[in-house]
Amino acid sequence: MLPIQLFRQHKDLVLEGLKKKNFRDLDLVDKIIELDERRRHVQNENDTIAASVNAASKNIGQLMAKGDKEQAEQLKAEVAAHKEKAKELAQKLSELEAEQQDMIIRLPNLPHSSVPAGKTPEENEVVRIGGTTPNLDAQKLPHWELAAKYGLIDFELGNKLTGSGFPVYMGQGAKLQRALISYFLTYNIDAGYKEYYPPYMVNEASAYGTGQLPDKEGQMYHATADNFYLIPTAEVPVTNIYRDTIVTEAELPVKMTAYTPCFRREAGSYGKDVRGLNRLHQFDKVEIVQLAHPDRSYETLDSMVAHVEKLIQSLGLQYRILRLCGGDMSFTSALTYDFEVYGAAQERWLEVSSVSNFEMFQANRMKIRYKDSNGKTHLVHSLNGSSLALPRIMACLLENHQTPEGINIPEALGPYFGKDKIN
RNA sequence: GGAGAGAUGCUCGAGUGGUUGAAGAGGCACGCCUGGAAAGUGUGUAUACCUGUCAAAGGGUAUCCAGGGUUCGAAUCCCUGUCUCUCCGCCA
């Protein structure tokens, strides 16, 4: 949610940003500004009348204490006349506040100046490509066949237990999963991130805080009996740890990491995109989240990109980094880098991480602030990224490191997996 | 799931209708004291919005879990919800 001050002070920037993000309903901006003026006017009236009622009440109290009943009764009658008007204004004010909130909440975050214009994923900018494509022979297999060949994952069994998109990992497949989680977490912790193990379900307030609600409830599984949502990413519970808190400037940046499974309904997707591990309803992910000083959040973003890049490199995978164009960015993001890894058998790029700076968009919703040396509070900037999403990493590890003798496990995973080959 | 108790500021904790945004204590910050420290001592220490201003100071409104209600006036009374604790039941 954009701060209202931004509309009042920099309307042009708001409009420019919204256009870049391909937001259509630009009239909303003027409506918000107009509504804001009305709201302030009404608040002024409301405050004035409330002040007079308060003063009169105080007077009545003093008169009562003195025993001057007559005077008190007279004042009461006077106040009663104001009361109706006061109630009306208070009602009006809360209506206007709600209306304003409803409008602002519909506006996406503004893109950073470096975000390329564009509407579709094709217009994303390739920042760089790293790693190398393995030389696989003609017998190369896609990961779902490798998974079957080595008994790593049973997709059919998942269908039986739950439904499609809920694979069962087993044997060395399960172990590889566990090894990846441990490796990623340790890697993050070594870089100064504090590990958290959060709930897998969140309440409405949390889902609202990171921007899943309203509007995107269709993407989450909803436990209606208790009104909880299964988390679509660890970002939700982890960022909300700091909801409604004020930290000192010295505490920034706050660096957090967590492993969680992620649950996504992915309604409407089907076909070859969802083959094997490419798209699941439940998958594992290790997430990194930072709360940064507004002046330094882009340095933070760069450092997170470098951090994720190094992690992918250590797995010996070919990857590319994209800077998303305005139209392909998420609602809440100001700048997003996507990491894609090349699946050498499928011959497709697969997204394995998305590193974003949300600037103050989430912080404003969640009221995450810091206090500067003058004692003034400001919103922090929030950032997050995957490091990393497991299924597609596993898919690419299987595909890219396959040999006739088995699947080579990258050296970095040795301490966690305990073997250098799946066979 | 059943019964009961409770939710106050950074923390503890007082407060059952009238200058209570909130006593007291602790913590923290700054000053004094000191050769330096401790002790002592003084001051300060919530958030949002409105107003004001180049900034600020200042003024106003709201907030004592949340949302409603009673009242001229609510932290204090009533209703609903949430959460916590204790006991019982169940249970990995």
Side-chain angles (χ1 to χ4, degrees), chain A residues 1-10 32-105 197-209 213 223-229 237 240-252 254 360 362-380:
Chain A
M1 185 168 75
L2 298 167
I4 183 65
Q5 292 82 353
L6 202 60
F7 294 82
R8 300 210 280 256
Q9 290 159 13
H10 303 290
I32 287 166
I33 292 171
E34 191 257 345
L35 192 65
D36 183 51
E37 272 162 28
R38 273 205 289 154
R39 194 206 94 237
R40 283 149 75 196
H41 181 71
V42 171
Q43 171 155 4
N44 240 320
E45 280 188 281
N46 176 70
D47 288 0
T48 307
I49 203 159
S52 79
V53 169
N54 286 346
S57 297
K58 203 171 269 187
N59 254 323
I60 291 169
Q62 282 162 352
L63 289 170
M64 299 284 266
K66 271 194 284 181
D68 193 344
K69 263 207 145 157
E70 211 170 297
Q71 277 272 348
E73 286 304 322
Q74 200 182 323
L75 249 185
K76 270 196 204 183
E78 276 175 43
V79 175
H82 288 294
K83 276 281 281 190
E84 205 172 312
K85 180 78 176 161
K87 202 167 183 179
E88 210 176 279
L89 280 169
Q91 168 86 21
K92 183 77 186 161
L93 180 61
S94 69
E95 276 172 23
L96 288 173
E97 279 170 350
E99 201 180 328
Q100 185 173 22
Q101 178 81 358
D102 284 351
M103 282 189 183
I104 296 180
I105 208 84
Y197 187 92
Y200 298 164
M201 291 198 215
V202 293
N203 57 26
E204 271 187 319
S206 296
Y208 172 86
L213 291 179
T224 53
D226 298 288
N227 201 21
F228 293 151
Y229 292 89
N240 272 282
I241 288 171
Y242 279 87
R243 168 152 50 86
D244 290 319
T245 61
I246 302 177
V247 300
T248 63
E249 198 167 352
E251 287 174 73
L252 298 176
V254 173
M360 56 177 70
Q362 290 182 330
N364 190 36
R365 285 184 171 215
M366 279 184 271
K367 303 300 171 221
I368 306 180
R369 290 152 293 171
Y370 73 93
K371 203 183 271 282
D372 68 20
S373 49
N374 297 319
K376 294 201 71 164
T377 58
H378 311 269
L379 294 168
V380 303

*Only pairs at least two apart or in different chains count here, so list each salt bridge (Lys or Arg N to Asp or Glu O under 4.0 Å) that has a residue in residues 242-252 of chain A.*
none
*When you check every protein heavy atom under 4.0 Å of nucleotides 44-49 of chain B, what one-letter string (B, S, -) results, 5' to 3'?*
--SSSB
Please list, for nucleotides 15-18 of chain B, all pairs of protein and nucleotide N/O atoms separated by less than 3.5 Å.
{"residue": "G18(B)", "atom": "N2", "partner": "Ser57(A)", "partner atom": "O", "Å": "2.9"}

_I want to check something: taking the side chain as every heavy atom from C-beta on, are Ile4(A) and Ile32(A) in contact at a cut-off of under 4.5 Å?_
yes
*Using the test ring-ring contact (aromatic ring centres under 6.0 Å, His included), find all partners of His10(A) that sit at least two apart in sequence or belong to another chain.*
none
*For nucleotides 78-85 of chain B, read 5' to 3', which letter fits each nucleotide if B means a protein heavy atom sits under 4.0 Å from the base, S means only the sugar-phosphate is that close, and - means neither?*
--------
*Would you name the heavy atoms of Tyr370(A) and Leu379(A) that are closest together and state the gap between them?*
CE2-O, 3.7 Å
_I'd like to check the salt bridge (Lys or Arg N to Asp or Glu O under 4.0 Å) partners of Glu73(A); sequence neighbours left out, ordered by chain and number._
Lys76(A)
*asked:* For residues 32-42 of chain A, which residue pairs pass the salt bridge (Lys or Arg N to Asp or Glu O under 4.0 Å) check, not counting sequence neighbours?
replied: Arg8(A)-Asp36(A), Glu34(A)-Arg38(A), Asp36(A)-Arg39(A), Asp36(A)-Arg40(A)
_Going by the rule ring-ring contact (aromatic ring centres under 6.0 Å, His included), which residues pair with Tyr229(A) if we only count those two or more places apart in sequence or in a different chain?_
His222(A)
*Atom C1', compared across C10(B) and G21(B): separation rounded to whole Å*: 16 Å
Could you pull out every donor-acceptor pair under 3.5 Å between side chains of residues 82-89 of chain A and any protein atom, sequence neighbours left out?
none

*Would a 4.5 Å heavy-atom cut-off, applied to side chains only, mark Asn240(A) and Val202(A) as touching?*
no
*Asp372(A) CG to A29(B) P: how many Å, rounded?*
17 Å
_Run the side chain to side chain donor-acceptor pair (under 3.5 Å) test against Arg369(A) and tell me which residues pass, sequence neighbours left out._
none
Listed pairs under 3.5 Å, donor-acceptor, residues 52-61 of chain A side chains, sequence neighbours left out:
{"residue": "Ser52(A)", "atom": "OG", "partner": "Ile49(A)", "partner atom": "O", "Å": "2.9"}
{"residue": "Asn54(A)", "atom": "ND2", "partner": "Ala50(A)", "partner atom": "O", "Å": "3.4"}
{"residue": "Ser57(A)", "atom": "OG", "partner": "Val53(A)", "partner atom": "O", "Å": "2.9"}

*G26(B) and C78(B): how far apart are their C1' atoms, nearest whole angstrom?*
36 Å
*In whole angstroms, how far is the C1' atom of U71(B) from the CD atom of Glu84(A)?*
16 Å
*Using only heavy-atom distances, determine whether the side chains of Gln101(A) and Glu97(A) contain a donor-acceptor pair under 3.5 Å.*
no
*Is any side-chain heavy atom of Leu35(A) closer than 4.5 Å to a side-chain heavy atom of Leu96(A)?*
yes
*Under 4.0 angstrom, heavy atoms only, what part of the nucleic acid is Asn59(A) near: base, sugar-phosphate, or nothing?*
nothing
*Has Asn44(A) got a side-chain N or O lying under 4.0 Å from the OP1 or OP2 atom of U61(B)?*
no
*Tell me, what's RNA chain B's dot-bracket, Watson-Crick or G-U with both distances under 3.5 Å, | for other-strand, [ ] crossing?*
((((((((.[[[..)..(.....]]]((((((.......))))))((((((......)))))).[[[[[..)....]]]]])))))))....
